[in-house]
Engineer: 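Quick one: the structure is below, questions incoming.
One is the number of the first residue; the rest follow in order along the sequence. Computed from a predicted structure; not experimentally measured.
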Amino acid sequence: MGRSLTEKILAAHLLSGSMVPGEELALHIDQTLTQDATGTMAYLEFEAIGVDRVRTERSVAYVDHNTLQSGFENADDHRYLQSVTKKYGIWFSRPGNGICHQVHLERFGIPGKTLIGSDSHTPTAGGLGMLAFGAGGLDVAVAMGGGAYYIAMPRVLKVELKGRLRPFVTAKDLSLEILRILSVKGGVGRVIEWGGEGVKSLSVPERATVTNMGAELGATSSIFPSDRQTRAFLKAQGREADFVPLSADPDAEYERIVTIDLDALEPLIACPHMPDRVVPVSSLKGVKVDQVCLGSCTNSSLYDMRKAAAMLRGRTIAPSVSMSVSPGSRQVLTMLADSGDLSDILSSGARLLECACGPCIGMGFSPNSGGVSLRTFNRNFEGRSGTRDARVYLVSPETAVASALTGEITDPRTLGIASLSVSLPESFRIDDSGVLPPAAAEEAERVEVLRGPNIRPVPIGRPVEDSISAELTLKLGDNITTDHIMPAGAKILPYRSNVPKISEFCFSAVDPRFPERAKAAGQSILVGGANYGQGSSREHAALAPLYLGVRAVIAKSFARIHAANLINAGILPLCFADPADYERLRQGERLRLYDIHAGMESGTIMLEADGEKIPLLCSFSERQRAILLAGGLLNYTREASQ
Ligand code: MIC
Ligand code: SF4
C-alpha cells in the first residue's frame, strides 16, 4: 500500500513507536524555532536542562511578538534571548527582521525536514513540504538538547484540490472554506495533506497561508507536496540546493478525502469570535468598517503585499477607516520599497507598522469602542485585539483592501478592477544581516547570558499524588482558548518571562478574581467544556495555573498542544467519560480524585463530588505517566539525565 507524504516524513524521522493512529511516536527533530513571547521560557528551560549546545541542524530564535518595549521588560527579554542564543548555538533573528513563520519560510525551511516551534503556527512551513509542529516551549527545549519530540500518530486527511482560483479569490478564502467544512475542532488528531491537480497552481506563499490556518482547525500539522512551485520559491530565495521533490504515493490511503473545487470558491469572511464562523463576504455587504489590518504570519508575504499595493495604487482609503500594514519580513518591506509599492500603500492613507505580529497579538492598534475590524489574520478570539467589545472579522488581503477603500464590508470582485497581475519575483532580495549567527563552540563559554530583573525562574511542578482533594475554583464552557486562560496584549505580554507576575492576569478575560481565589484555595481543579485550550501554544496557559496551584483540569475534550503543555507542567488533563457529568459539577465545591496512580494506568480515574462518583478518562503513554509522577517534564528530563 502506498504512503501519504506525512507517513513518509514521519517514517524517516521515527525514533520509536508504531505508526498506528493514536499511538505515541518519538520523532527526531531537524530544526526548531522560538519566538520571544514563548522563547524566554523555552531558553530558561533549556538552561535548566543543562545541555551545553543545541544538537539540532538549525535552531532559530525570532523576536517578533513583544516589540513594543513600553518598559524595560521587553528590552531585557530581547537582550537575554540574544545572549543565550549566542552561547548555545542558536541563530537570532533580530527585532524588526520579521515574523518568525514568514522569515523561516523565506530563509530556513527545507522540504522533508521536521521542525517544531514554540508557536502554534509553526506548521506554516508545511507550505514548503516540511513537517512542522507547534509545541510548548519545554518540548522545544528538549528537542534543542537532542531529545525526541512526541506526538500521537495522527490520522491523515487529504484535501483534494481541483481547478484554479479565480480573480480576487485567494488562498485565504480556501483556508476559510476548509474551516467552514471542518470547524475549529475538525483537525484535532489529524494532519491535513493538500494534493490534487489544483495544488500545482498555488505558489509557496499561498500554500503557506493555508498551512498556517491549519492551526485554527486544531490540526497536528498541514503539508503540501514539494514540487516545481517549491523549487521556484527556493531558487528565488537563492536556496535551490535545499530543494527535494516530495509527494504522496498515488495509491496512498487517507482517513478521509475532502474535495474542493477552486473555481467554485468565492471570497469568504470569518465572523466574530471564531475562525470557523465563515460566510460569503457578499452576505455582509454594507456592514460599516472602522479598522482594517493587513499582515500577520497568514498574509504578510511579498505576494500579499503587492496585491494590496496594486489595489491601493492611485486610490485612498475611506476617511472612516484606519488601516495598518505590517509586512511579514524585512525582505518583504525592502522589496516593497525598492519596487515603489510602498509608496502606493502609504499614499493611500494606510499606516505602516513594523515587520512583526503587532495588532494580531494585541500589541497596539486596538480597535475603537465596539469597532468593526477586518483583519487578514488567523484568529478573531474575543478580546485578542486588546479590546473586549471589538468585532473582529478574518478576510483575505483583497477583501481587506476593498473594504478599506469603501468603508464597508465589500466583495473585492465588485470594485470594478479586472484582475491583479502579481507574480513571484525571479529572485528575492537576499540580506541575512538581520539574523545573527551563534558564537563558535570554542568561544561559547565566554559568552555571558544577560538577565534583567523581570526574568524569573520557571515554576516547577509537584509529583502527582495518589489522591488530590481540591476546590473547583473555576467552571468554564466550550472552546476556551489560551487567550482566555492567559491573555496576551500589550499590558500582559511583557510578563512572559515572569510567571508569578503574569499569573495575576490568568483568566482575567473570564473572571478577574480567579487568581486571588485560586491562591486562597491553595490547590484547585478547573472544569472546562469541549476543545479546552485551543489556539496558541503558549505554555504560560499551563504554567500560570500551575503557579496558582491548579493540579488537574477536567474537560469534555482538549486541544493537542495545550494538553501536552499541561502534562509537561505536571497538571492532569482528564476527560469526562460521560460529557453529561459536566453538568453535575458546581464551581466552589470540593472535589476529590482518588486511586490516581492505578487510574493513570487503567485509563479511568475516579472523581468524588458531593458524595457522587464520576469516572474520568485519560490515555497517558508510559512516558506521560512518568512525567506526571515526576511533577512535570523538567523534573523528568533532569532525573533521566542523572
Ligand atoms: C498566537 O498567535 O496566539 C501566538 C501569540 O503567536 C501564540 C504564541 C504565544 O502565545 O506566544 C501561538 O500561536 O502559539
Ligand atoms: Fe504572530 Fe499573529 Fe502569527 Fe501568532 S498568529 S505568530 S501573533 S502573527
Engineer: Is the closest side-chain donor-acceptor distance between T6 and E193 under 3.5 Å?
Structural biologist: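 Note: T6 and E193 side chains meet the donor-acceptor criterion.
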Engineer: Give me the ring orientation class for F108 and W91: parallel if the planes are under 30° apart, tilted from 30 to 60°, perpendicular past 60°.
Structural biologist: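 The rings of F108 and W91 sit tilted, inter-plane angle from 30° to 60°.
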Engineer: With side chain to side chain contact (heavy atoms under 4.5 Å, CB included) as the test, pick out the partner of T230 among P225, S203, P111.
Structural biologist: P111
Engineer: Look at the aromatic rings of F505 and Y495 and report parallel, tilted or perpendicular, splitting at 30° and 60°.
Structural biologist: parallel
Engineer: Whether the side chain of K86 engages the backbone of E448 through a donor-acceptor N/O pair (distance < 3.5 Å, no angle test) should be reported.
Structural biologist: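 Here the side-chain-to-backbone pair does not exist.
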Engineer: Do the side chains of D432 and R107 get close enough for a salt bridge, i.e. N-O under 4.0 angstrom?
Structural biologist: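 Yes, D432 and R107 are salt-bridged.
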Engineer: Between E47 and R451, does at least one N-O distance fall below 4.0 Å, as a salt bridge requires?
Structural biologist: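 Salt bridge present between E47 and R451.
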Engineer: Would you confirm whether R538, through its side chain, and R496, through its main-chain N or O, come within 3.5 Å as a donor-acceptor pair?
Structural biologist: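 It does not hold such a pair.
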Engineer: Backbone N or O of G533 within a donor-acceptor pair of the T482 side chain at under 3.5 Å?
Structural biologist: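 A pair under 3.5 Å: no.
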Engineer: Using a 3.5 Å distance criterion without hydrogens, assess whether the side chain of N66 forms a donor-acceptor pair with backbone atoms of N74.
Structural biologist: no
Engineer: Could you check whether any side-chain N or O of T209 sits under 3.5 Å from a backbone N or O of T298, counting only pairs where one atom can act as donor and the other as acceptor?
Structural biologist: yes
Engineer: Stepwise, does the side-chain contact (heavy atoms from CB on, under 4.5 Å) test hold for R456 with V499?
Structural biologist: CA-CA 7 Å; R456 293 295 178 79; V499 175; over 6 Å; no
Engineer: Between H101 and N212, do the side chains contain an N or O donor and an N or O acceptor separated by less than 3.5 Å?
Structural biologist: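 No, no side-chain donor-acceptor contact under 3.5 Å.
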Engineer: Using only heavy-atom distances, determine whether the side chains of Y43 and T34 contain a donor-acceptor pair under 3.5 Å.
Structural biologist: yes
Engineer: May I ask you to check whether E206 and Q229 show a side-chain donor-acceptor distance below 3.5 Å?
Structural biologist: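 No - no donor-acceptor pair under 3.5 Å links their side chains.
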Engineer: Can a donor-acceptor pair be found, under 3.5 Å and without considering hydrogens, that links the side chain of E539 to the backbone of G137?
Structural biologist: yes
Engineer: Can you find a side-chain donor-acceptor pair between S59 and T32 that sits under 3.5 Å?
Structural biologist: yes
Engineer: Among L115, D119, T124, find the residue that satisfies the side chain to side chain contact (heavy atoms under 4.5 Å, CB included) test when tested with H104.
Structural biologist: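 Only one of L115, D119, T124 forms a side chain to side chain contact (heavy atoms under 4.5 Å, CB included) with H104, namely L115.
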Engineer: Before we go on, tell me: are the rings of F233 and F243 under 6.0 Å apart, centre to centre?
Structural biologist: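 Centroid separation for F233 and F243: 6.0 Å or greater.
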Engineer: Side-chain donor-acceptor pair under 3.5 Å between T40 and D77, yes or no?
Structural biologist: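 No, no side-chain donor-acceptor contact under 3.5 Å.
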Engineer: Side chains of R379 and S120: is there a donor and an acceptor less than 3.5 Å apart?
Structural biologist: yes
